[in-house]
Amino acid sequence: MDRNLLIRTLSGAVMLAVVLGAVLASPYSMALLFIAVAAGSMLEFYKIARLTGAAPLQVYPTVIGVLLVAAAFAVAAGLIGTAALLYVLPLVCGLFIAELYRKSTTPLTNVAWAVAGIVYVAVPLALLVVLPCVGVPGGGFVYRPLVVLSGRFIVWDNDVWA
């Protein structure tokens with residue numbers, strides 16, 4: 001067996017085990033996994049954006065994305081009120097202000113890439129952490145991990161059979 005194929009197979013099995021373990025263990029481990037995925041994916045998105053010649057901020061929009069995913073889970077779990085999500089908007093507006101102080105030659109491009117990273121990576125992950133958390137009357141929530149796993153396996157199955 002080719003060594004690269006073996007490494008890819010083993011890394012895929014490890015990732016599958018991590019996702020299954022985190023999602024099935026508890027809603028909090030699922031949220032932590034997706035927060036980590038959001039951080040890593042957004043940093044990777046901004047590295048790719050730099051290849052186009054743009055110079056978007058990396059850490060600040062990543063922090064916004066992580067806060068958005070965490071806040072979405074906290075709202076779904078009933079830990080905070082829905083209005084707490086509105087606190088993310090001033091942070092996004094802060095991207096424009098931060099870009100003014102950088103004195104870049106392409107400020108609008110940089111802000112566009114920063115906002116695109118939030119919309120492309122953080123918003124879908126924020127919606128994904130909300131999906132398995134079903135609120136119950138009187139407070140609290142019911143965690144249904146099979147909702148997340150079924151969505152993941154449907155995508156995986158379609159990818160395999162494509």
Side-chain angles (χ1 to χ4, degrees), residues 1-51 56-92 94-95 113-162:
M1 180 181 264
D2 184 24
R3 184 172 185 225
N4 289 333
L5 179 62
L6 179 65
I7 291 172
R8 285 194 310 255
T9 303
L10 288 175
S11 65
V14 169
M15 285 191 292
L16 178 63
V18 168
V19 170
L20 279 174
V23 171
L24 292 174
S26 78
Y28 302 102
S29 62
M30 183 237 0
L32 285 175
L33 173 70
F34 287 128
I35 287 169
V37 167
S41 299
M42 289 184 75
L43 289 173
E44 187 67 25
F45 181 86
Y46 296 128
K47 283 182 189 175
I48 293 169
R50 288 185 177 274
L51 295 176
L57 290 168
Q58 290 181 326
V59 176
Y60 182 57
T62 301
V63 169
I64 294 171
V66 165
L67 288 174
L68 180 64
V69 175
F73 174 75
V75 167
L79 302 173
I80 59 175
T82 309
L85 287 172
L86 295 175
Y87 291 116
V88 174
L89 289 177
L91 296 175
V92 173
L95 285 170
W113 276 105
V115 172
I118 294 168
V119 171
Y120 185 69
V121 177
V123 170
L125 285 171
L127 295 172
L128 186 61
V129 298
V130 168
L131 243 135
C133 301
V134 179
V136 294
F141 69 103
V142 175
Y143 178 60
R144 299 192 178 159
L146 294 180
V147 172
V148 173
L149 293 179
S150 64
R152 177 66 195 127
F153 288 131
I154 287 170
V155 171
W156 186 24
D157 187 50
N158 281 320
D159 186 42
V160 167
W161 289 102

Walk me through it: do L149 and L24 pass the test side-chain contact (heavy atoms from CB on, under 4.5 Å)? CA-CA 9 Å; L149 293 179; L24 292 174; 3.6 Å; yes
Considering all heavy atoms, the nearest V121-S41 contact: CG1-CB, 3.6 Å
Side-chain heavy-atom pair I35, V129 within 4.5 angstrom cut-off: no
Fit a plane to each ring of F73 and Y28, take the angle between them on a 0 to 90° scale, and name the class: parallel (under 30°), tilted (30 to 60°) or perpendicular (over 60°). perpendicular
Please lay out, stage by stage, how V23 and Y143 fare under the test side-chain contact (heavy atoms from CB on, under 4.5 Å). CA-CA 10 Å; V23 171; Y143 178 60; 3.6 Å; yes
Considering non-hydrogen atoms only, spot the tightest contact between Y46 and G117 and give its length. OH-CA, 3.5 Å
Contact between L91 and Y60 at the side-chain level, heavy atoms closer than 4.5 Å - yes or no? yes
May I ask you to test the P145-M30 pair for a side-chain heavy-atom distance under 4.5 Å? no
Contact summary for A114 and P56, nearest pair of heavy atoms: N-CB, 4.2 Å
Indicate the atoms forming the closest heavy-atom contact of F45 with W113, along with that distance. CE2-O, 3.5 Å
Rounding to 0.5 Å, atoms CD1 (I80) and CG (L85) come to a distance of 6.0 Å
Does some side-chain heavy atom of V18 sit less than 4.5 Å from a side-chain heavy atom of L33? yes
Return the minimal non-hydrogen interatomic distance between V69 and A38, and the atom names on each side. CG2-CB, 4.0 Å
Residue pair V119 / V123: nearest heavy atoms and the distance that separates them: O-CB, 3.6 Å
List the steps, then state whether side-chain contact (heavy atoms from CB on, under 4.5 Å) holds for L95 with V115. CA-CA 8 Å; L95 285 170; V115 172; 4.0 Å; yes
Just wondering, more than 12 heavy atoms not from R50 lying within 6.0 Å of its CZ? yes
Atom NZ of K47 and atom CE of M42: how far apart are they, to the nearest 0.5 Å? 14.0 Å
CG of L128 to CZ of F34, rounded to nearest 0.5 Å, is 4.5 Å
Is there a side-chain contact between I118 and V88 (heavy atoms, below 4.5 Å)? no
